[in-house]
Amino acid sequence: MYINPILHTYNCTRNESTGILEYFFMFGRNLRLSIADEFGIKNKSNENQPKKCINELMENTKAAYDLVNMNTTKAQGKQIEGYDQRMRGAEI
């Protein structure tokens, strides 16, 4: 009963390490909510042009992977620094 709302919330949240929304990373496009229709918010992509959508999806997916790779590397560097600061050598 709670899994779907929790998963939806997770997918709509910006990941701290990658810096992007999980939904965008998984699907290569922004999340479209039904409430956007209620407020008259239109999606910028034109769904009537399949080739254009496929090309945009491929470009967005590549850009997302590149961004995730860059942000993950930064996050790993910060984690290594934090680990190194906490580690103490054993006295012999």
Side-chain angles (χ1 to χ4, degrees):
M1 180 167 87
Y2 298 109
I3 299 264
N4 285 336
I6 291 171
L7 184 60
H8 178 73
T9 302
Y10 178 77
N11 287 336
C12 294
T13 306
R14 187 171 306 280
N15 185 295
E16 186 176 339
S17 292
T18 63
I20 64 171
L21 298 177
E22 294 295 326
Y23 187 90
F24 182 83
F25 184 63
M26 287 190 305
F27 300 108
R29 62 184 178 89
N30 288 324
L31 179 66
R32 179 161 180 186
L33 301 173
S34 59
I35 196 157
D37 293 334
E38 296 294 325
F39 288 109
I41 300 170
K42 300 292 181 190
N43 192 356
K44 291 182 181 179
S45 66
N46 187 353
E47 300 296 334
N48 296 329
Q49 298 177 355
K51 287 184 182 181
K52 182 179 177 185
C53 289
I54 290 170
N55 289 336
E56 285 179 6
L57 178 62
M58 290 171 55
E59 290 172 10
N60 288 342
T61 303
K62 173 147 180 27
Y65 276 106
D66 292 342
L67 183 63
V68 166
N69 189 23
M70 181 180 69
N71 289 340
T72 302
T73 303
K74 284 182 188 177
Q76 287 173 345
K78 288 180 184 178
Q79 292 165 1
I80 288 171
E81 288 176 16
Y83 178 80
D84 290 344
Q85 290 175 354
R86 289 188 306 274
M87 287 303 300
R88 302 287 180 245
E91 291 186 29
I92 300 176

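Only heavy atoms go into these numbers, but all of them, side chains included; no hydrogens, no water, no symmetry mates. If you're wondering where the values come from, they're calculated on a predicted model, not measured in any experiment.
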Side chain proximity check, Y65 to T61, heavy atoms < 4.5 angstrom:
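Of all side-chain heavy-atom pairs linking T61 with Y65, at least one is under 4.5 Å.
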
Exercise. Below 4.5 Å, heavy atoms only, C-beta onward: do L67 and M70 meet side chain to side chain?
Worked result: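 Side-chain contact under 4.5 Å: yes.
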
Rounded to the nearest 0.5 Å, what separates atom [atom1] in [X] from atom [atom2] in [Y]?
X   : Y   : atom1 : atom2 : value
N71 : D66 : CG    : CG    : 11.0 Å
N11 : N4  : CG    : CG    : 10.5 Å
M87 : I80 : CE    : CD1   : 13.5 Å

Across all chains, not counting sequence neighbours, the salt bridge (charged side-chain N to carboxylate O under 4.0 Å, His left out) partners of K74 are none

- Message: Let me check something: do M1 and I6 share a hydrophobic cluster, defined by ILVMFWY side-chain heavy atoms less than 4.5 Å apart, either directly or through other members?
- Response: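 Yes; tracing contacts between hydrophobic side chains, which count when under 4.5 Å, links both residues.
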
